Amino acid sequence: MTWDLLPEPLLFSILSTLSYHEIIRVGFTCRRWHTVSMDNLLWKKVICRDFKLSLKTTIHPLGKSWKEEYTRLVDDTPNVISEELNGHQDEVLHVSFSNSGKHFVTCSKDGYLMVWNINQMGITSLRYNEDMKKYGWQFTWASKYNSNDSLLLVAGVIDDIMGEIAIFECSDVGDYVILCKIKNNPYDVMGAWCDDVTWLSGRLTEDQIQFNLDATVHMCRTYPGETHSLTHPHSAEVYKNIALKFRNHINDGSNYLRCLIVSNRKNIKDDKVFPTYEDFATNSHPLTIEEQEADETCKTLLQDNKFCLIFLCSGNTSVPHQIGFKRLYSNDLSSVPVIDKPDKLIEMQGHIVGISQDSEGRFLYVNVRRWPEGAVPTENNPPPIASEIEMRVVDLQDLSLTSQVYKGHKGYTDSQGAFYIYLDVKNAFVGSGSEDGSAYVWDKHYGCQVAANKHDECVNCVAFSPTDGSVMVSVSDDHKVKVWMSKSRERIRQNGAKSLINL
């Protein structure tokens, strides 16, 4: 039998054993082989084989063919090193992009805040840097731009519990300008934006009855061009209202409100999870109510939106193992609820080491190192944790855990020493750091791993460009900041700016 007479099912079987590039080359042999090499079922079999997917997997809603999907996973994943930046002198802890995608910010144990330019070709340059050690910070911890990139919130660490938040004005030319600096305790509250000028911070205050620490959330406000004293207590004018207060007789407030995220449920129709304020007031039982004068601007902001606070908390032991949800009502600003538990709670059965909300506000992604099956946590003895990290997904519409799980990243420290491994979600990809020295990338739809970008030491954080998902930045304990591009984006870069314009 000659190759020309080879039965098509047998030819299909042979091609299904070849690699992606071999199938492409075989397709140029003749018209018949080209037809078989383009077969949609062939490419489904190959993509399921190479990316370890079930044959029951359904194609991406926007996918036109399995061959195009394979090409997308291979060609559009940011896995080619574009630049290696060595500006920091110590472990780099966090990276975040501006919403325009023109800048990204890195935070480090060297105490510096660094702002980098990145252009359409992926070429970077240092835009601004500030040594926050001169303000008594041990190191910079995390950063977040407001939605129009006019202000930058930077969280820093003072000691084992205490932290501060600094707000910078971001100008197109010249240096960034620090507008205010206030206490933020515990430091891993990190802060969060409610709108372009209103943001949240945390404070620990002593409960005069139990003498435990209460965790309070403060609404603060800063306008561009408006400067405040950088020393306490003269910086207190940026505080506008207490939004809520946590009090727990088992764990003090330092175990609450970690990694604070603001979720706006305004676009969720017929919200079944959180009731109206009238229903909530009828059925809720706060420990007590503390009166205060409501700031009218803050009150209007809460009336016009449906903000829900998302945070890590510790109900049964000293490490974060639960995700808490607390709806903010405008009435809370005049009658502050003092509560001992969130409105809603999701038990993750393990040590949570990172959370991130997608840009649409629909899903929450959670890095968790699981406890052994049947483990019972106690106040001072959290169970041992797995070295495998699982990234679980919460549907914020009904607060349910989906079946999607992203795997492959690692955590090696024990429960008492475990630290945050930051993750990011943009467009088609999900990314996370890992203690094994890799920056992992998964396809969001298929759940398969598509990249493991290497550093020399633990990768603490990854961030995708919000305007170009084929660009990602990772930061590591090796002091390096690495910029990654997809193969398709790297080809454009190599061909020059003219090719980019002509796309």
Side-chain angles (χ1 to χ4, degrees), residues 165 182-186 189 191-195 198-221 233 236-266 271-316 322-346 399:
I165 286 175
I182 65 167
K183 291 181 179 179
N184 180 57
N185 309 323
V189 170
W193 290 101
C194 295
D195 67 3
T198 309
W199 42 282
L200 303 180
S201 66
R203 290 289 296 273
L204 294 174
T205 57
E206 189 173 70
D207 166 21
Q208 298 301 316
I209 299 175
Q210 298 289 337
F211 299 104
N212 286 332
L213 291 175
D214 291 344
T216 59
V217 174
H218 290 254
M219 296 187 73
C220 308
R221 189 165 60 248
E237 63 266 22
V238 301
Y239 293 109
K240 301 304 175 184
N241 274 140
I242 296 175
L244 67 96
K245 181 178 288 190
F246 273 98
R247 179 177 300 162
N248 189 287
H249 69 282
I250 297 177
N251 290 308
D252 65 33
S254 62
N255 289 321
Y256 283 87
L257 302 176
R258 300 177 183 184
C259 298
L260 190 66
I261 291 174
V262 175
S263 174
N264 194 348
R265 303 179 66 83
K266 187 176 181 179
D271 191 344
K272 302 293 187 181
V273 177
F274 296 98
T276 64
Y277 179 75
E278 290 72 23
D279 291 338
F280 173 78
T282 300
N283 299 308
S284 67
H285 304 285
L287 299 175
T288 186
I289 296 291
E290 296 183 357
E291 302 297 327
Q292 71 176 350
E293 183 177 349
D295 177 88
E296 288 302 318
T297 302
C298 291
K299 187 174 181 179
T300 300
L301 180 63
L302 295 190
Q303 288 172 340
D304 293 344
N305 295 278
K306 294 182 178 180
F307 291 139
C308 174
L309 300 187
I310 305 173
F311 47 88
L312 306 186
C313 51
S314 314
N316 301 318
Q322 299 168 328
I323 305 171
F325 301 85
K326 178 68 180 77
R327 174 81 159 81
L328 290 184
Y329 299 97
S330 59
N331 306 68
D332 294 340
L333 298 187
S334 54
S335 301
V336 182
V338 181
I339 59 178
D340 61 355
K341 59 183 179 180
D343 294 344
K344 303 292 181 181
L345 201 64
I346 297 178
L399 304 190

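No experiment lies behind these values; they were computed from the predicted model shown. Residues take their numbers from the sequence shown, with the count starting at 1.
Pairs passing the salt bridge (Lys or Arg N to Asp or Glu O under 4.0 Å) check and including a residue from residues 271-288, sequence neighbours excluded, read Arg265-Asp271, Asp270-Lys272. Within the structure, ring pair (Phe, Tyr, Trp, His ring centres under 6.0 Å) pairs that include any residue of residues 283-305 do not occur (at least two apart or interchain).
For Leu345, the side chain to side chain contact (heavy atoms under 4.5 Å, CB included) partners are Cys313, Gln322, Pro342, not counting sequence neighbours. When the side chain to side chain donor-acceptor pair (under 3.5 Å) test is applied to Ser201, no partner is found at least two apart in sequence or on another chain. Legend: residues meeting side chain to side chain contact (heavy atoms under 4.5 Å, CB included) with Ser334, ordered by chain and number and at least two apart, are Ala294. A search for side chain to side chain donor-acceptor pair (under 3.5 Å) contacts involving Asp195 returns Thr198, not counting sequence neighbours. Under the side chain to side chain donor-acceptor pair (under 3.5 Å) criterion, Glu291 pairs with Ser335, not counting sequence neighbours. Judged as a side chain to side chain donor-acceptor pair (under 3.5 Å), and not counting sequence neighbours, the contacts of Asp295 are Arg221. Looking at residues two or more places apart in sequence or on another chain, you find no ring-ring contact (aromatic ring centres under 6.0 Å, His included) involving Phe325.
Looking at heavy atoms from C-beta onward, Val217 lies out of side-chain contact with Phe311 at the 4.5 angstrom threshold.
Of all heavy-atom pairs between Ser263 and Ile310, the closest is CB-CD1, 3.6 Å. Of all non-hydrogen atoms in Leu287 and Ile339, the two that sit nearest each other are CD1-C, 4.1 Å. In terms of heavy atoms, Pro275 sits closest to Tyr329 at O-OH, 2.8 Å. Nearest heavy-atom pair across Asp343 and Lys326 is OD1-CD, 3.2 Å. Taking both residues in full, the closest heavy atoms of Leu204 and Ala215 are given as CD2-CA, 4.1 Å, listed atom of the first, atom of the second, then distance. Leu244 and Leu328 get closest at one heavy-atom pair: CD2-CD2, 3.6 Å.
We find the CG-CD1 distance between Asp332 and Ile289 to be 7.5 Å, quoted to the nearest 0.5 Å.
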In residues 299-306, what donor-acceptor pairs under 3.5 Å come from side-chain atoms, sequence neighbours left out?
residue, atom, partner, partner atom, Å
Thr300, OG1, Glu296, O, 3.0
Asn305, OD1, Asn264, ND2, 2.9
Asn305, ND2, Leu301, O, 2.9

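In this structure, the side chain of Thr216 engages the main chain of Arg203 through a donor-acceptor pair within 3.5 Å. For the pair Asn184 (side chain) and Gly202 (backbone), a donor-acceptor distance under 3.5 Å is present.
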